[in-house]
Structure formats: structure tokens, C-alpha cells
Amino acid sequence: MKTATAPCLEILTGDLSGRRYRVEDAEFVIGRAPTCDLVLPKRYISREHARISRAGRDYVIEGLSEKNPVTLRGRPVRPGHRLEDGQEFEVCGIRFRFLAQAEVAGGRRPAKETDDSWASDPDFGRPEQRPGQRSDPGEASGDSGERPRGRDLRDESAAPPRGLPVEDDDATPPPRRHARGPSEDDLPVPVRGSGAVKRSAPGKVVFDAEPEGDDDSEERTAELPAVGSRAGGGSRESQNERTAELGKVKDPNDPDYDPFAEVDRRKKEEKKGDPGREKALRALMVLGAGGILLAAVIIYKTQQKKPYVLERHTGVIRVAIDQTVRFEEPWSQVDPPQGRRTTPLDGEPYFFHRDRVADVEWAVPHVKTKCIFLIRGIEPGAMEFDLVFPESRRVKRFTVEVEGDNPHDVARERRRAEMKGKVSAHQLRQKAEAHMASGETYVKERDITAREGNYRLAVIEFTRAVDSAVLLRDQLAQGGIVPGDVAELVRRAEDAEAKARNDYDEFVHRELAKYRATLQKNTTFERVEQLKRTLRAINHECDLRFIRLKLILQNSFNGTWTGGGGEVCTER
């Protein structure tokens, strides 16, 4: 047995770890296709993944895959990189070592056996050829053996196994051929797969059955997932993953050959499944959809609420024009009415219902167990408003009727009627002068602290002075002569009343603005004090603003109101 030296490629990791393959031709191709010099039928390997070429006395390596490049020390190798003796590189996690001069064993190659006794060898099994091994025909006379391309050189010093061709020392070396594919004289090579191999015409490999479906001519290289791999060591996946078997395919010399086309086809067929199983699945889907629909109907029926029941409030709420009445309706905490739950502390109204006949204001709606409504008449007529209780599913309807004149105008006309014809001219003059003096006194003392109500009292006194002076003028006019001092008294009383009303309105608006300003930054005590000052400024229990602010003081700030009112309205 002779030994020689030749460049070779040693696999350091993976299923073929420890094997060596000669790099003899001008090009040595590593890839997935059977036409390659070293076949690695894995999904991450392209049909032609890497090429080692001879450049003079040196060898250079070039990566042919864009998805999974050849790496050298963890970085993609540059095209035309010169391989040095003992240098290592990786292809999809499989580590290789290039040996420029490796000792290989040689021997006489016997004639190829015609039987299949090699298939029983436990060291090789069926099929015998490993990925990367291809055979060339020998040219020794009477020799039908073959010299495998990319053959395993791990242990060639021992006697070759039965049926394994060994190079003959005396035989004429076979002719060189390009590494791109076998010549027509190539012998059939067993390929790992489920189908049996039959020998047909020279140089062809024919499988038992042709694959169904069109041949996929596109590149089907899977992209290598980013798994943790270190320089100098293969990835965990490449070490554990077994070599993928090739299915029944067409001629492997076809440039569009894809060893995984049959695998993909079988997977697609498996997905179709058994027709009976598909029918059962469809029936289950129909039953599931029906169950979901039935559950939705049941939930809808159970959550569907009964219609509202209308209830009418017994009695009618009567109010006059420009009059405000307070109306209360109790309710339970377990059955609260629908509406606002908070009170605006700035004194702005919260209108629950508005109509051309009347306005319904819900004052302090946060008060528990009762609704406090302020109803103000606008013009004669009737209207209705509803209070909804969602829990008990009932609607309570109230009726409001507006009739009569302004009660303040009615009270003024009544005062004039009581004095007309019953009080003498002298007494009317005394009353007018007395009311004028009292009104001027209120004007002088209205800016004193805690006497803000004098603004409203001054208006009342000047109004009564006008009533007495007008009655005096009318009584004297019946005699035909109206003295000038009486006319002057009427003019002074009317001017004083107009000025007092204007001052009163301006003062109330100013105090309301001060109170609303305290809500932004002042303490509760300061807010309450300013609110009481505003109430004293209004000083009119029939005024809607006075009623609203008084309710806020009592229910929102828990305060008490002890200040007196002004003009008494018995008609409200």
C-alpha cells in the first residue's frame, strides 16, 4: 500500500465529523445538489454553496450563497480568499479545515463487484455513499470500478471494505473532468432516500417513480436562523440535526434539481388530510358556530331589559309668570333617577328641562334621596317633564301649569289700591317723604360690612315712595291743580328708584364674580364667607339666584343662612 500527499478538506463538526475529502480538480464545489463534489443535503445549504478553486499552487475559496455566507473567524469570507494550510472556515455552522498536504493511502483497485454484498456492511449501510462522494469511471482495462470524487480519507490505511473501489497503483489514472457533473460513462451512485435505485443508461440515475407536480426551479435555500455559534465551533442545530433524506426526484444532473421538492410535495399532501377527517372537522366547526350563536341569543335575551312603565304624578304644579317655585321628589338610593349627579358650585343653573312655558332647573342634584326642582314660569300655558328611573324601568311624568301675572306686580297694585281713597293727601305726602328719607339712609349705609342687603332695601323704600307720590299727584289732579312741590316729589322718587335698581344689579353681579373667583384658589372658609356676602347682596328670597346659592351653601358647604330677606312675597 502506497501513501501520497494531496490537498483535502476535513469536516470538524456535524454528522460527517472526522471525514476527509480530496480536493483534486480545478474546482471543488460544496452544495446541496448531487452534482457537487461534496453534497450536504440540508435546507440551509444552497444547491451550490461554496467553491474552492486552484490558483497556481494555492487554493482560494468563494461563497456562492447570499443568505448564508461562508464565514472565517465569524466574518463572511471575501471572494478569492486564499486558503492556508490548517485554516478553518464554516458553512452554515459546519466547520471545515483545509489541509494543503495530507497523507492519503493508495492501493490496488479491484474490479467492481456486481452483487449487492456491500449493502450488508454495517459500517456503511444502505445507501453506501456519503454526502460529497461521487465516482468517476476508471480507465484500466477490464476494470469497471470507480474513483469517488470527494472520497472519505479518514481511515484508508486499513483494508477497504467489500465492494469499495480502491485506486490501483498500476492503473492508468482516469481522465480529468469538470466538477460540475458526471460524464456519460459514470456509474450509478446509491443516493440516500426512500426509493430504490436502478441502473439504466450509462451516466444516469433513475428512481422508481417520478415526482408528481412541477419541478421547482427557484432557489429554495432556507435562511439560517440566528442561533448562538462561536468562532471555531459549530452551532447546536448543525450538531444535532440529522442529514435530510432526498426524496424521489428527477434526474439529479438537472441544473434546477431541488432535493426537497418531493419533501414539500409530501407535506402538502399530508396537510390535505383524510376526507373523512375533513368532513368531521367541518361538522365540528358548524356545531361550534351554532353553539356560539345560541349562546349569543341567550345572553341577549337575558340582558334585554323590559320596557319602561309610565307613571303620572298626582296633582299639578302651578306657577305664575316670573315666579319661581321649589318642588321636591323623593327617591331611593337603590333606584336613583337618571340625570346629573354633581352640583356646579359657581351658581350657574343646571336646566333639567326647558320649554316656552317654563324652565325646570334641577338644583343640587347630588343631594341623596330627593330631587329639588326650581320651576320658573315664562308665559301662560301647560307643559310636562319626565323623571326616568333606569333600575325600576319606570318614567314619572309631572305637569306644570303657568297662569296669572307677576306676583310682585300684583302686590304693588294691591298696595296702591289699599291707599287709594282711604289715605288723605297729607298722609300720602308724609308717607312719600318718609320712604325717601329711609331709602337715602340705606344708600349711605349700604357699603358697611354685613349691611350689603341695604342695596335691596333702598330699592324697596324708593319704590314705596314712588307709589305714595303718584297716588298723591293723582288725588290732587282730581281737584284740577297739582302743586309744583308734589310734581318735584314724584320726579325725585322715580329717579331715586331707577338709580337704586341699577346700583343693586351692578353690586350683585360684582359679588357673584368675587365668589366665583374664590372657587379657584381660596379656602373653604373664604368661599363660604363670600357666598354669604353674595346672599346678603341679593337679599331677595324670591330671586332664583338667591334660592340656588342658598341651596349650595346648605348642601355643598353644610352652612347655615341666618340673614333676613327683603320684600316678602306671599303669593309664591
Side-chain angles (χ1 to χ4, degrees), residues 299-411 414 538 540-556 558 561 565 568-572:
I299 293 174
Y300 174 77
K301 291 294 184 181
T302 55
Q303 293 183 351
Q304 189 177 14
K305 297 182 179 179
K306 60 181 181 180
Y308 283 91
V309 178
L310 179 63
E311 298 180 0
R312 288 192 173 273
H313 176 70
T314 57
V316 178
I317 305 172
R318 302 185 184 276
V319 61
I321 298 175
D322 291 335
Q323 182 188 15
T324 301
V325 297
R326 175 175 170 174
F327 175 77
E328 296 183 0
E329 176 66 20
W331 50 271
S332 173
Q333 294 186 8
V334 297
D335 186 23
Q338 183 178 357
R340 193 169 181 177
R341 290 290 179 268
T342 58
T343 301
L345 299 179
D346 56 0
E348 290 294 329
Y350 167 47
F351 291 106
F352 181 73
H353 181 83
R354 304 196 73 177
D355 193 87
R356 64 175 183 83
V357 176
D359 289 339
V360 180
E361 178 183 341
W362 191 347
V364 290
H366 72 285
V367 176
K368 297 180 180 180
T369 70
K370 66 179 178 180
C371 304
I372 302 177
F373 294 107
L374 302 179
I375 304 174
R376 175 178 172 269
I378 300 176
E379 64 178 42
M383 54 87 66
E384 295 178 341
F385 70 94
D386 298 334
L387 191 61
V388 181
F389 296 87
E391 295 297 330
S392 60
R393 309 296 293 176
R394 60 191 179 94
V395 177
K396 196 164 188 178
R397 183 162 296 173
F398 303 88
T399 303
V400 179
E401 290 186 359
V402 180
E403 58 184 7
D405 298 328
N406 190 327
H408 302 286
D409 296 338
V410 173
R414 184 181 295 110
I538 299 174
H540 188 191
E541 292 184 352
C542 296
D543 193 302
L544 186 57
R545 297 169 300 181
F546 184 89
I547 301 174
R548 187 185 307 124
L549 292 175
K550 186 178 178 180
L551 289 172
I552 292 175
L553 174 65
Q554 295 174 349
N555 295 279
S556 299
N558 296 323
W561 172 250
V568 179
C569 301
T570 57
E571 295 83 1
R572 69 185 182 91

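Here, residue 1 is the first one in the sequence, and each next residue gets the next number.
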Looking at Ala358 and Ile375, what are the two nearest heavy atoms and their distance?
CB-CG2, 4.3 Å
Is the ring pair Phe373/Phe327 parallel, tilted or perpendicular, if the boundaries are 30 and 60 degrees?
parallel
Distance check, rounded to the nearest 0.5 Å: His313 atom NE2 versus Thr399 atom OG1?
8.5 Å
Apply side chain to side chain contact (heavy atoms under 4.5 Å, CB included) to residues Asp322 and Arg376 and explain how you reach the verdict.
CA-CA 6 Å; Asp322 291 335; Arg376 175 178 172 269; 3.4 Å; yes
Working to the nearest 0.5 angstrom, can you tell me the gap between Phe351 CZ and Leu374 CG?
10.0 Å
So which heavy atom on Gly377 is nearest to which on Val319, and how close?
N-CG2, 3.8 Å
For Tyr350, the ring pair (Phe, Tyr, Trp, His ring centres under 6.0 Å) test, sequence neighbours excluded, returns none
Test Val334 against Glu391 for side chain to side chain contact (heavy atoms under 4.5 Å, CB included), laying out the working first.
CA-CA 8 Å; Val334 297; Glu391 295 297 330; over 6 Å; no
Who are the ring pair (Phe, Tyr, Trp, His ring centres under 6.0 Å) partners of Phe389, not counting sequence neighbours?
none
When every non-hydrogen atom of Ala320 is compared with those of Val402, the smallest separation belongs to C-CG1, 4.1 Å
Output for pair (Arg545 CZ, Asp543 CG), nearest 0.5 Å, gives 4.5 Å
CD-CG distance between Gln338 and Asp386, expressed to the nearest 0.5 angstrom
11.0 Å
Charged N-O contact under 4.0 Å between Arg318 and Glu401:
yes
Apply the test side chain to side chain contact (heavy atoms under 4.5 Å, CB included) to residues Glu361 and Thr324: give CA-CA distance (whole Å), side-chain angles for both, the deciding distance (0.1 Å), then the verdict.
CA-CA 10 Å; Glu361 178 183 341; Thr324 301; over 6 Å; no
Rounded to the nearest 0.5 Å, what's the gap from CZ on Arg326 to CD1 on Ile547? Could you check?
8.5 Å
Could you tell me if the side chain of Arg393 sits less than 4.5 Å from the side chain of Val309, heavy atoms only?
no
Applying the side-chain contact (heavy atoms from CB on, under 4.5 Å) criterion to Met383, which one of Ile317, Ile378, Asp355 satisfies it?
Asp355
Could you check, using the six-membered ring where one of them is a Trp, whether His540 and Phe546 have ring centers closer than 6.0 angstrom?
no
Output the distance between atom NZ (Lys396) and atom CG (Leu310), rounded to the nearest 0.5 Å.
11.5 Å
Of the non-hydrogen atoms in Trp362 and Gly339, which two are nearest, and what is the gap between them?
CZ3-CA, 3.7 Å
Side chain to side chain contact (heavy atoms under 4.5 Å, CB included) between Leu551 and Ile372: does it pass, once the steps are laid out?
CA-CA 9 Å; Leu551 289 172; Ile372 302 177; 4.0 Å; yes
Which atom pair, heavy atoms only, marks the closest approach of Trp561 to Lys550?
CD1-CE, 3.8 Å
Is the number of heavy atoms from other residues, nucleotides or ligands within 6.0 Å of CG (Asp405) greater than 12?
no
For residues Leu549 and Gly347, report the shortest heavy-atom separation together with the two atoms involved.
CD2-CA, 4.0 Å
